[in-house]
Each structure stands twice: as C-alpha cells, then as structure tokens.
Amino acid sequence: MAKEPQLPVVHRYFGQQFQLWRAGAQIRREDIAEAARYSVDTVKSVEQGRRPVPPRLAEVADEMCGARGKLVAGLSYLNQEKKIPERSRNFFQCEGDAIALNSYQPLLIPGLLQTEATVRALLNAQRPPLDDETIEEWVTFRLARQQVLTRRPLVECCFVIYEAGLRCPVGGTQVHKEQLLHLLKLAELRNVTIQVLPFDRGAHPGLDGPMVLVETTNHEHFAQEDGQSHSQFTSDPDEISLLTQRYGMIRMQALSAEESLRFIQRLVDEL
C-alpha cells in the first residue's frame with residue numbers, strides 16, 4: 001500500500017507544535033475538535049502533517065491551550081506555501097519525505113546548509129527587491145526545511161559544492177566565515193557528507209548547473225534542476241538515470257570528505 005503523502009516540512013513542523021501545545025495543556029483532540037467544529041480526524045491529520053491547519057482550528061487551539069498567539073502567529077508562515085510554484089512545492093514535499101538526498105551546487109552553499117545570515121543576505125540581494133514580510137517568511141521556511149538534516153530516522157545527505165560557491169563571500173567576510181565554519185560543524189553529523197569540487201578539476205558534468213536527487217520512503221526517485229527563473233521537477237526514469245550518472249561522475253571528481261574539510265578549513269584560515 002502506498003504511503004499517504006505528507007505536506008512540506010513547514011506544515012509538518014506546525015502540526016508538531018500544535019500537538020505539543022495541546023499535550024502540554026492536557027487537552028484532548030476531541031475537545032478542540034468540538035470547540036472548533038471540526039472532526040477529530042482533522043485535528044489528528046493536522047498534528048501528523050497530513051493536511052494544513054484550518055485558521056479557525058488554530059485560533060481555537062491557541063486560546064484553549066494558552067499559547068498566547070504563538071499558534072496563530074504561525075499561520076502567516078504556512079501561507080507562504082501558496083507563493084511557491086507547484087513544481088517547487090512538489091519537490092519540497094519529496095524533500096520532507098526523503099530517506100536519501102544528493103545535492104550539487106556550483107555557485108551557492110546549498111539551502112539546507114545555509115546559516116540564517118546567509119539566507120538573509122541572499123534574499124536581500126533578490127531583484128526585484130523583496131519586502132520585509134516576505135523575507136521573514138522565506139527565512140522561516142528555509143530554516144524549517146533544514147530539519148531534514150537531523151530528523152529521525154536519519155536521512156542520508158550528500159552535498160557536493162563547486163569551489164566557486166565556497167569562495168563567494170555572501171553577506172560579507174564575517175558572515176561568509178561563519179558560514180564556512182557552519183559547514184564544518186554540519187559535516188560532523190554521521191548522516192551528512194560534504195565534498196568540494198575544486199577549480200583544478202577542469203571540465204566536469206556539473207558545469208551545466210545544479211541538481212538535487214531525492215529518494216523517498218516509498219523508494220521513489222525524483223530530481224530537481226534550477227535555473228534563473230525556471231526549475232524542472234521530474235520523476236522520469238530516463239532523466240533520473242542521466243542525472244544519477246552525472247552526479248556519480250561529479251562525486252568521483254570531487255575531493256574526498258576528509259580532503260574537503262581540510263579545503264574548507266584552509267578557506268576559513270584565509271579570512
């Protein structure tokens with residue numbers, strides 16, 4: 001039987017918070033469901049991340065659980081999903097259900113590895129300019145996605161970063177240094193591998209652009225490729241096979257995990 005799909009991680013995070021507040025207040029699902037005029041199954045689905053929370057349900061739960069506006073405040077971040085193109089929304093859903101994730105980035109630190117300061121610097125550089133509210137929503141959304149690195153069961157995560165992405169001082173020297181140190185810290189996680197593809201490797205398949213390959217709990221395989229204004233999300237076996245071959249060659253040409261960490265440490269020492 002196919003596993004029921006889950007919503008993107010930002011919704012699942014809200015569902016977890018919803019459950020924690022309810023349990024902490026020792027209130028039954030049945031009581032909240034009755035007060036908000038929703039079914040118990042709806043409350044359960046929200047907590048399990050299988051459906052978005054209706055605003056009325058969040059408002060009632062916030063009051064009954066004594067959350068003092070903390071649950072209601074989360075609604076504005078959940079609405080961020082509506083601004084995400086369908087192709088990206090599908091990818092984020094797969095990312096949130098991943099058991100293995102392989103990423104290659106030629107120009108940037110991968111979003112799952114970015115510090116909050118790096119995220120803000122990148123968003124502030126967007127054109128047309130983003131307003132403050134949108135920036136805050138996107139910061140929250142991107143940081144929430146990073147739970148994939150530490151959630152249980154562990155997700156096997158491999159990141160290959162081209163040297164250009166490691167040398168670009170996004171946010172200035174101090175922010176960039178903290179970002180590189182953050183990479184070294186994340187590499188200590190047993191499920192996270194970070195490799196560097198240096199300039200001196202010459203021509204390689206990664207010059208065509210970034211890619212992310214994902215395997216879900218159902219052992220389905222998906223890929224995402226991003227460009228300036230368009231991205232491609234696919235499960236086509238031929239395309240997945242092609243990208244998997246390219247990614248394998250990129251990893252072969254990259255430095256080993258140990259060599260990569262020494263490379264990043266040298267970059268830190270140069271700052």
Side-chain angles (χ1 to χ4, degrees), residues 1-84 89-101 111-116 119 133 136-157 182 185-186 188-192 214-218:
M1 180 181 295
K3 183 180 178 180
E4 186 174 358
Q6 293 180 308
L7 291 167
V9 67
V10 66
H11 285 265
R12 295 162 62 189
Y13 177 75
F14 184 92
Q16 182 186 59
Q17 293 301 307
F18 188 107
Q19 183 180 34
L20 288 172
W21 276 104
R22 179 185 62 76
Q26 298 183 340
I27 296 176
R28 301 184 308 157
R29 287 175 177 155
E30 291 80 0
D31 296 331
I32 291 180
E34 181 180 358
R37 297 183 181 178
Y38 280 95
S39 69
V40 175
D41 284 342
T42 295
V43 177
K44 183 177 180 180
S45 293
V46 165
E47 292 186 349
Q48 294 178 343
R50 292 188 286 110
R51 65 157 295 170
V53 62
R56 171 63 181 166
L57 181 58
E59 292 167 0
V60 170
D62 189 283
E63 182 176 352
M64 292 181 67
C65 298
R68 298 182 180 180
K70 293 182 177 66
L71 282 176
V72 173
L75 292 175
S76 63
Y77 298 111
L78 299 183
N79 289 334
Q80 176 67 22
E81 184 197 0
K82 299 176 182 178
K83 302 178 183 179
I84 301 173
R89 192 180 310 158
N90 290 336
F91 169 72
F92 293 144
Q93 180 173 341
C94 289
E95 181 184 76
D97 196 33
I99 61 171
L101 186 149
L112 294 178
L113 306 181
Q114 291 171 5
T115 64
E116 180 176 341
V119 176
E133 181 180 357
E136 291 304 318
E137 290 174 352
W138 277 102
V139 168
T140 299
F141 180 68
R142 186 166 302 180
L143 296 180
R145 285 175 53 211
Q146 294 178 1
Q147 293 180 77
V148 71
L149 301 177
T150 55
R151 74 162 184 256
R152 300 292 187 272
L154 294 175
V155 179
E156 186 67 36
C157 297
H182 185 60
K185 185 68 175 177
L186 290 176
E188 296 176 3
L189 299 174
R190 64 170 56 91
N191 61 309
V192 175
V214 177
E215 180 182 357
T216 69
T217 52
N218 290 330

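None of the values given here were measured: they were computed from a predicted structure.
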Enumerate donor-acceptor pairs with a distance under 3.5 Å from any side-chain N or O in residues 25-37 to protein atoms, sequence neighbours excluded.
unit_1	atom_1	unit_2	atom_2	d
R28	NE	D31	OD2	3.4
R28	NH2	D31	OD1	3.0
R29	NE	E47	OE1	2.8
R29	NH2	E47	OE1	2.9

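- For E116, the side chain to side chain donor-acceptor pair (under 3.5 Å) partners at least two apart in sequence or on another chain are R120.
- Sorted by first and then second residue, the side-chain hydrogen bond (donor to acceptor under 3.5 Å, both in side chains) pairs with a member in residues 57-67 form an empty list; sequence neighbours excluded.
- Checked against side chain to side chain donor-acceptor pair (under 3.5 Å), T216 has no partners two or more places apart in sequence or in another chain.
- Note that CZ of R22 and CE of M64 are 10.5 Å apart. Values are rounded to the nearest 0.5 Å.
- The closest side-chain heavy-atom distance from L113 to L149 is below 4.5 Å.
- Residue Q48 holds its CD atom at 8.0 Å from CD of Q19, rounded to the nearest 0.5 Å.
- To the nearest 0.5 Å, the span separating CG on N218 from CG on D97 amounts to 6.5 Å.
- Applying the side-chain contact (heavy atoms from CB on, under 4.5 Å) criterion to S39, with sequence neighbours excluded, gives D41, T42.
- One finds the CD atom of Q16 at 6.5 Å from the CD atom of Q147 (value rounded to the nearest 0.5 Å).
- In this structure, OG1 on T115 lies 10.0 Å from CG on L186, to the nearest 0.5 angstrom.
- The nearest pair of heavy atoms linking V155 to A100 is CG1-N, 3.8 Å.
- Taking all atoms of both residues into account, the shortest heavy-atom contact from G66 to W21 is O-CZ3, 3.8 Å.
- Counting only heavy atoms from C-beta outward, the side chains of Y38 and V46 never approach each other to under 4.5 Å.
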